[in-house]
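Taking it in order: structure first as structure tokens, then the write-up.
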Amino acid sequence: MFENEYDVIVVGAGHAGSEAAASAANLGCSTLLITMNLQNIAQMSCNPAMGGIAKGQIVREIDALGGYSGIVSDRTAIQFKMLNKSKGPAMWSPRVQSDRMRFAEEWRLFLEQTPNLDFYQEMVSGLIVEKGVIRGVKTSLGIEIKAKTVVLTNGTFLNGLIHIGDKQFGGGRAGEKAATGITEQLIDFGFDAGRMKTGTPPRVDGRSLDYSKMGEQPGDENPEKFSYSNLTTPLKKQKSCYMTYTSSQVHDLLREGFDRSPMFNGRIKSIGPRYCPSIEDKINRFADKDRHQLFVEPEGWNTVEVYVNGFSTSLPEDVQFKALRSVVGFENVKFFRPGYAIEYDYFPPTQLKHTLETKLISGLFFAGQINGTTGYEEAASQGLMAGINAAQKVKEEEAFILKRSEAYIGVLIDDLITKGTEEPYRMFTSRAEYRTLLRQDNADFRLTPMAHKIGLASAERMKRMEEKEKKATAFVQFFKDTSVSPEEANPILEAKNSSSVKQSGKMFKLFSRPQITLDDVKQFKKVKAYIEEHDLDKEVVEQTEIQIKYSGYIEKEKNNADKLNRLENIKIPDNFDYTKLKSLSFEACEKMSKIRPATISQASRISGVSPSDISVLLVYMGR
């Protein structure tokens, strides 16, 4: 069956594996996607949603690069929300509630229509490695499949162990068996491995809930979308989510099961996600709070299955049921399936290069939860980058690396390989030093030209981006060139409690005032006429507003990024001997010898490396 050698084999078909397979195949490489169950491609194992704080920016970046997550999310959305609209645009984050079954179906159909991509259903139990170079994979049936590169995206399947109360059983997620063999082999090759934990809440029957007792959470009045392409359109109708709360009575009922909780009786030894704690963890850590929010999220347009967001748990199923029945609106709840925790193997990501290729085995790439991350979006972005770089390696072309000042994806990968992680890593806007540059609205400006250059973003995408950029630049210039009289300006200024003007001035200056909004300046006849004459859509107008209102901040961040990028250009040889620099601190020498930073800039971000250590390196490199 497998006589020919593949360019790229992708192991696992979750969010990371799906993006990896698509990007490698779309770059012209013969690609094989191997998964234990082809019915579960791009399964939403946890909540049925894409995007959110910082995660929404990542989905837009994936889309701008030519990945599929944004398009699939748009086509299968049941609700859209732009979060953080009350804050500045650096914080705006798109999020969709998804139809779980449709999402997986859409991904599979997309992949099946991708040229150069083959599929095979089986468990990969080992790797074929010769003299430190990957040569292919072995399956549980004993089949050897040859490849020039391999991308491992095993999710929570590597020696996965599921916990429900004092019961535990092997599995990659509920109803699916764990994957074995790979961890042990990688440890034999010299890799460090660790264990992490994540969890999921019960799924319940929506027909058994009383929504009249809960608060409705509708989508945006004028919903937007993720994809910059013309392959999707905003939602015309939306489905609401609902909100309710736990209570001190619910907490007391949950505490009754603490003695049987794997979290508290020592059965679970690994670390779970800090920012998505289980309900038992929340009531234990925040004992002063007598209630916690629960978001009641529908799983799709036509299913009655409901996801209870905020009630992730590994308590015994009888305790889960009893406690949930005491929640307002859940008095008659029926379970579809209980919540559970899962422990799985990961490999500390400091063992990777910026390309996500392992340092120990040439041609072997890791992406997703195997690197210690949590979340579909983080996984998908790593899969995309690993797939691109596997293809670039096969084609003997330059590695594709995003800087911290260019993308949240760049921040994510640099954080992982430079700092590592001992708990499931989640992206936040606060992790990015240049978040005013890395907004969700301009991901196409930042990334589409790069992706087009390597052949991933289409000519059509490039053309759309250039037209949008041209129109936005021209509209900004219009505000800089056009004057407005006091007679026209003052009524609007006074209505907004902004000081009036005594003489004509440029609209740009007026629009820069914090109180003055886009709706205000649209009242000027010249602005209204310009928008109509040039047929400007919402994206262009919004882009113009951000560029005018935040021009000072954007310019400042660009200058800071330029300074740092000078250090990015000072490369450190891969085999550099840090022990010969006697002025380096012992800790810096040890950490840099282990992580082997590629540039001075990366070295400066390693924990334990001080500014004086960087000065020593700079002096040496200067020589």
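Keep in mind that this is a model prediction, so the values were computed, not measured.
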CA sep, side-chain torsions, deciding dist, call: R102, E105, salt bridge (charged side-chain N to carboxylate O under 4.0 Å, His left out): CA-CA 5 Å; R102 284 279 303 111; E105 179 193 31; 2.8 Å; yes
side-chain contact (heavy atoms from CB on, under 4.5 Å) assessment of T355 paired with I401: CA-CA 6 Å; T355 56; I401 295 167; 4.2 Å; yes
Criterion ring-ring contact (aromatic ring centres under 6.0 Å, His included) on F400 and H354, from CA distance to verdict: CA-CA 9 Å; F400 188 74; H354 266 104; over 10 Å; no
Trace of the salt bridge (charged side-chain N to carboxylate O under 4.0 Å, His left out) decision for K403 with E433: CA-CA 12 Å; K403 295 174 185 164; E433 312 89 308; over 6 Å; no
Residue pair Q602, T418: steps toward the side-chain hydrogen bond (donor to acceptor under 3.5 Å, both in side chains) verdict: CA-CA 7 Å; Q602 188 193 351; T418 304; 3.2 Å; yes
Chi angles and distances behind the side-chain hydrogen bond (donor to acceptor under 3.5 Å, both in side chains) call for N159, E184: CA-CA 10 Å; N159 294 320; E184 294 73 15; 3.1 Å; yes
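Applying side-chain contact (heavy atoms from CB on, under 4.5 Å) to L186 and the options L127, L158, D192 leaves one that passes, L127. Results of the side-chain hydrogen bond (donor to acceptor under 3.5 Å, both in side chains) test with E378 over R426, K55, H15 single out K55 as the only residue that passes.
If you check the side chains of S69 and E377, you find no donor sitting under 3.5 Å from an acceptor. Looking only at atom types and distance, the side chain of T76 has no donor-acceptor partner in the side chain of D99 under 3.5 Å away. For the residue pair E61 / S381, no side-chain donor-acceptor distance below 3.5 Å is found, with atom types taken as modelled.
Side-chain contact between K282 and P277 is present, with at least one heavy-atom pair separated by less than 4.5 Å. Residues Y425 and R431 are in side-chain contact: their nearest non-hydrogen atoms beyond the backbone lie under 4.5 Å apart. A 4.5 Å side-chain heavy-atom check between V11 and N154 finds at least one atom pair inside the cut-off. Contact annotation: the side chain of P202 approaches that of L324 to within less than 4.5 Å [non-hydrogen atoms, C-beta and beyond].
Rounding to the nearest 0.5 Å gives a distance of 6.0 Å between CZ of F119 and CG of L33. Rounding to the nearest 0.5 Å places CG of N309 at 8.5 Å from CG of L294. Atom OG1 of residue T350 and atom CD1 of residue I595 lie 5.5 Å apart, to the nearest 0.5 angstrom. Atoms CZ and CZ, from F264 and R255 in turn, are 10.0 Å apart once rounded to the nearest 0.5 Å.
For residues 262-280, every residue pair satisfying the salt bridge (charged side-chain N to carboxylate O under 4.0 Å, His left out) rule, not counting sequence neighbours, is listed here: R274-E423. Applying the salt bridge (charged side-chain N to carboxylate O under 4.0 Å, His left out) test to pairs two or more places apart or on separate chains, those with a residue in residues 307-324 are K167-E317, E256-K322, R260-D318.
Remark: the backbone N or O of M50 is not paired with any side-chain donor or acceptor of S73 at under 3.5 angstrom. Between the side chain of R135 and the main chain of E130, no donor-acceptor pair closer than 3.5 Å is present. Put simply, the side chain of S314 never gets that close to the backbone of H163: no donor and acceptor are under 3.5 Å apart. Judged by distance alone, with hydrogens and angles left aside, the side-chain atoms of R203 form no donor-acceptor pair with the main-chain N or O of Y307 at under 3.5 Å. For the pair T303 (side chain) and G300 (backbone), a donor-acceptor distance under 3.5 Å is absent. Remark: the backbone N or O of I53 is not paired with any side-chain donor or acceptor of Q57 at under 3.5 angstrom. Although no hydrogens or angles enter the test, the distance criterion places no donor-acceptor pair under 3.5 Å between the side chain of K594 and the main chain of C589. Between the S93 side chain and the M91 main chain, a donor and an acceptor come within less than 3.5 Å of each other. For the pair T114 (side chain) and A22 (backbone), a donor-acceptor distance under 3.5 Å is absent.
The residues E568 and R605 are annotated as salt-bridged, a charged nitrogen and a carboxylate oxygen being separated by less than 4.0 angstrom. Ion pair E587/K591 flagged as a salt bridge, since at least one NZ, NE, NH1 or NH2 atom sits closer than 4.0 Å to an Asp/Glu carboxylate oxygen. Between K393 and E357, at least one side-chain N (NZ, or NE/NH1/NH2) sits under 4.0 Å from a carboxylate O, which counts as a salt bridge. Ion pairing between K197 and E343 fails under the 4.0 Å rule for side-chain N and carboxylate O. Salt bridge status for R404 with D415: present, with a side-chain N to carboxylate O gap under 4.0 Å.
Aromatic ring centres of F157 and Y344 lie farther apart than the 6.0 Å criterion allows. Two rings, from Y578 and F576, have their centers less than 6.0 Å apart.
The side-chain tip of R173 does not point at the ring of Y340 from less than 6.0 angstrom away and within 45° of straight on. Remark: R291 qualifies as a cation-pi partner of Y245 under the 6.0 Å distance and 45° angle criteria applied to the six-membered ring.
Residues satisfying the ring-ring contact (aromatic ring centres under 6.0 Å, His included) test with Y6, not counting sequence neighbours, are none. For F286, there are no ring-ring contact (aromatic ring centres under 6.0 Å, His included) partners at least two apart in sequence or on another chain. Partners of R195 according to the salt bridge (Lys or Arg N to Asp or Glu O under 4.0 Å) rule, which considers only residues two or more places apart in sequence or in another chain, are D345.
The 12-atom threshold is not exceeded at CG of D574, counting heavy atoms of other residues, nucleotides or ligands nearer than 6.0 Å. Sparse packing is recorded around CD of E422, with 12 or fewer heavy atoms of other residues, nucleotides or ligands lying under 6.0 Å away. More than 12 heavy atoms of other residues, nucleotides or ligands shown are found within 6.0 angstrom of CE on M243.
Using the six-membered ring where Trp is involved, F428 and Y275 have ring planes that are perpendicular, over 60° apart on the 30 and 60° scheme. Classified by interplanar angle (parallel below 30°, tilted 30° to 60°, perpendicular above 60°), the ring pair F347/F191 is perpendicular.
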Name each donor-acceptor pair under 3.5 Å that joins a side chain in residues 140-149 to protein atoms two or more places apart or in another chain, with its distance.
residue, atom, partner, partner atom, Å
S140, OG, E122, OE2, 2.9
K148, NZ, D7, OD1, 3.1
T149, OG1, D7, O, 2.8

